[in-house]
**Q** 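Submitted below is the structure of interest, expressed as structure tokens.
First the proteins, then the strands, lettered A, B, ... as listed; each starts at 1.
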Protein chains: 2
Amino acid sequence: MVTGDQETRERVLNTAARLFAERGVERVTVRDICQQAHANVAAVNYHFGGKDGLYTAVMELAIGVMRSTTEAARDAGAGQSAEGRLRAYIATFVDRVTGSGRDTWIHHLLMRELADPTPALTLVVEQVLKPRMEYLCGTIAEIAGRLPDDAVVVRCALSVQSQFHALLWNQALPRIATGGDTTPASVAAIAEHITAFSLAGVRGFAQSR
Amino acid sequence: MVTGDQETRERVLNTAARLFAERGVERVTVRDICQQAHANVAAVNYHFGGKDGLYTAVMELAIGVMRSTTEAARDAGAGQSAEGRLRAYIATFVDRVTGSGRDTWIHHLLMRELADPTPALTLVVEQVLKPRMEYLCGTIAEIAGRLPDDAVVVRCALSVQSQFHALLWNQALPRIATGGDTTPASVAAIAEHITAFSLAGVRGFAQSR
DNA sequence: TGACGAGTCAAACGCTTGTTTAATACAGTC
DNA sequence: GACTGTATTAAACAAGCGTTTGACTCGTCA
């Protein structure tokens, strides 16, 4: 085969990640993947032990990137006030979800996993969602003057995080709301909106100590 | 056949609705549906013209219920202030999504349709999502002292609506957050949280006229 | 009574799916 | 140069899928 510079395994893995995110695991055949990856049908079974193994490998790849997103969101606000950290956290996520970076497919995979859980959800929860919630709760707790495990704080964190997911309704959004474009300016406007909305929401639960 | 009181067509339709919502269309076979509905495999093709036709029929059924939910959410706040209307709207939705009523499956179908659009999305957008956004924007506009088509108002409406969807992360939620129970008390607490959070968020964008 | 349409049924039909096989090529090692 | 383990290939495999078929059972109506 006239392979490129890339190893077959890597080509299959990357192609599968893209297709799984686009169409969902069930709507992608191993023949689709291998054809687009310029690989033989047997490659999936040889390198990943089967379609399920391939999906697991894709999810592990995705989890790695998601963890780095969490870190980036945390680093962006390092040394700032709680308000500043929340603002930086939101801006990082909006930026990555709307695809200014190049890893949009990952968020679609995550959305599918939440809507339609597979065994891989356990990994996602432990390595991605829990750390995010923990950081978010810490920041929000500081803003609200409450404890991080306060039920009010947890609910606020969910309210913040859930707003990101509306950004992924790619097909529906442009038809029900103005905008939906992802120019740097509008992305920044969305981030600013979620920040302001969430800050006001959280402060409404503020408790004087 | 020892059918019950229900006609075969109805049994197949209801069984399919439940299974499609639970597992997703791709992970449900016609044989699954017919077995659970105590019907012959050919029933799907005879009554609905095929699996696709069955899915369309299920979505039409779901859209009917969703429209009635929209009306119920609107009626619940009739004659009240804008704040009261928003509170009633949110309470109605939280109630239906968490399944105190019996139509939870519909929201799972909607979530799947947003994550993984099919041709049926067009119907959902026109007959369900647009009317909801319109009503929500009207209410929020009044609270914020802005016009209903103001971009700020539209974004606020999306922020409100998106919070409902976190309630549907059935598998993931109990593992990342405390609660997740659906006792009447906690459902009311969730509704109250989203209301307070959203009201504060919207008021932050209030414009003195 | 006999013809007719609607509904149901077991069985079979193609087709696609994920997976396996056996052959082949190739690089490194003794 | 024979041996070994890795990687790739075309072809075939068995199972499952949605769908179709033709016979059969009714209730209805002329």
Side-chain angles (χ1 to χ4, degrees), chain A residues 1-62 109 112-113 116-120, chain B residues 1-62 109 112-113 116-120:
Chain A
M1 183 75 228
V2 283
T3 72
D5 33 349
Q6 219 179 178
E7 297 292 337
T8 301
R9 204 194 113 100
E10 297 301 307
R11 271 181 292 129
V12 170
L13 186 61
N14 292 328
T15 307
R18 180 172 53 81
L19 290 180
F20 284 165
E22 277 176 10
R23 296 191 232 156
V25 195
E26 324 289 335
R27 285 211 261 256
V28 178
T29 69
V30 300
R31 282 172 176 81
D32 280 342
I33 299 168
C34 292
Q35 187 183 333
Q36 294 202 23
H38 303 294
N40 188 273
V41 225
V44 166
N45 287 275
Y46 180 78
H47 287 288
F48 302 96
K51 194 187 183 184
D52 286 352
L54 175 57
Y55 179 72
T56 304
V58 167
M59 281 308 294
E60 281 166 0
L61 183 68
L109 267 184
R112 287 183 192 286
E113 192 64 42
D116 212 348
T118 74
Chain B
M1 183 74 229
V2 283
T3 72
D5 33 348
Q6 221 178 176
E7 295 293 336
T8 300
R9 204 193 114 100
E10 296 301 306
R11 271 181 292 128
V12 170
L13 187 61
N14 292 328
T15 307
R18 180 171 52 82
L19 290 180
F20 284 166
E22 277 176 11
R23 297 191 231 156
V25 194
E26 323 291 334
R27 285 211 262 256
V28 178
T29 69
V30 175
R31 283 172 175 82
D32 280 342
I33 299 167
C34 292
Q35 187 182 333
Q36 294 202 23
H38 303 292
N40 188 272
V41 225
V44 166
N45 287 276
Y46 181 78
H47 288 288
F48 301 96
K51 194 187 183 182
D52 286 352
L54 175 56
Y55 180 72
T56 303
V58 167
M59 281 307 296
E60 282 167 0
L61 182 67
L109 268 184
R112 286 183 193 285
E113 192 63 41
D116 212 348
T118 74

**Q** If you assign A:Ala42 and B:Arg31 each to the DNA chain D nucleotide with the nearest heavy atom, which residue ends up on the more 5' nucleotide?
**A** A:Ala42
**Q** Report, one pair per line, the protein and nucleotides 22-24 of chain C atoms (nitrogen or oxygen only) whose separation is under 3.5 Å.
**A**
none

**Q** Using a 4.0 Å cut-off on heavy atoms, which residues in residues 19-28 of chain A reach DNA chain C? List them by number, or say none.
**A**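 Result for residues 19-28 of chain A: A:Val28, sorted by number.
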**Q** Got A:Cys34 and A:Val44 here, is their nearest side-chain heavy-atom distance under 4.5 Å?
**A**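 In contact.
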**Q** Locate the shortest heavy-atom distance separating B:Tyr55 from B:Glu113; write the atom from each residue and the value.
**A**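 Of all heavy-atom pairs spanning B:Tyr55 and B:Glu113, the closest is OH-OE1, 2.5 Å.
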**Q** Mind calculating the distance between NE2 (B:His38) and P (C:dT8) to the nearest angstrom?
**A** 14 Å
**Q** Under 3.5 Å, is there a donor-acceptor pair linking the side chains of A:Thr8 and A:Arg11?
**A** yes
**Q** Taking only side-chain nitrogens and oxygens of A:Thr29, does any of them come within less than 4.0 Å of OP1 or OP2 of C:dT16?
**A**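 No.
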**Q** Does the distance from a Lys or Arg side-chain N to an Asp or Glu carboxylate O, for B:Arg23 and A:Asp116, drop under 4.0 Å?
**A** no
**Q** Could you check B:Val25 against B:Lys51 for side-chain contact (heavy atoms from CB on, under 4.5 Å), going step by step and ending with a plain yes or no?
**A** CA-CA 9 Å; B:Val25 194; B:Lys51 194 187 183 182; 4.1 Å; yes
**Q** Could you give the CD-to-P distance, from B:Gln35 to D:dG16, as a whole number of Å?
**A** 13 Å
**Q** Counting only side-chain nitrogens and oxygens, does A:Asn40 get under 4.0 Å of the OP1 or OP2 atom of D:dT8?
**A** no
**Q** Could you state the NZ-P distance from A:Lys51 to C:dG18, rounded to the nearest angstrom?
**A** 4 Å
**Q** Of the options B:Val12, B:Thr15, B:Asn14, which is the one that meets B:Gln36 in a side-chain contact (heavy atoms from CB on, under 4.5 Å)?
**A**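 The side-chain contact (heavy atoms from CB on, under 4.5 Å) with B:Gln36 is passed solely by B:Thr15 among B:Val12, B:Thr15, B:Asn14.
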**Q** What's the NE2-C1' distance between A:His47 and D:dG5, to the nearest Å?
**A**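 Spelled out: NE2 on A:His47 to C1' on D:dG5 is 14 Å.
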**Q** Just wondering, do B:Met59 and B:Phe20 contact through their side chains at under 4.5 Å, heavy atoms?
**A** no
**Q** Return whichever of B:Val41 or B:Arg9 has its heavy-atom-nearest nucleotide of DNA chain C closer to the 5' end.
**A** B:Arg9
**Q** Roughly how far apart are B:Leu13 CG and B:Glu7 CD, rounded to 0.5 Å?
**A** 13.0 Å
**Q** Check the distance between C:dT19's C1' and A:Ile33's CD1 and give it to me in whole angstrom.
**A**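 For the pair A:Ile33 CD1 and C:dT19 C1', the rounded distance is 14 Å.
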**Q** Sort me out a list of protein N/O and nucleotides 22-28 of chain D N/O pairs below 3.5 Å, or just none if empty.
**A**
none

**Q** Rounded off to whole Å, could you give me the CG-to-P distance for the A:Asn45 and C:dT20 pair?
**A** 6 Å
**Q** From CZ of A:Phe48 over to P of D:dA7, roughly how many Å is that when rounded to an integer?
**A** 12 Å
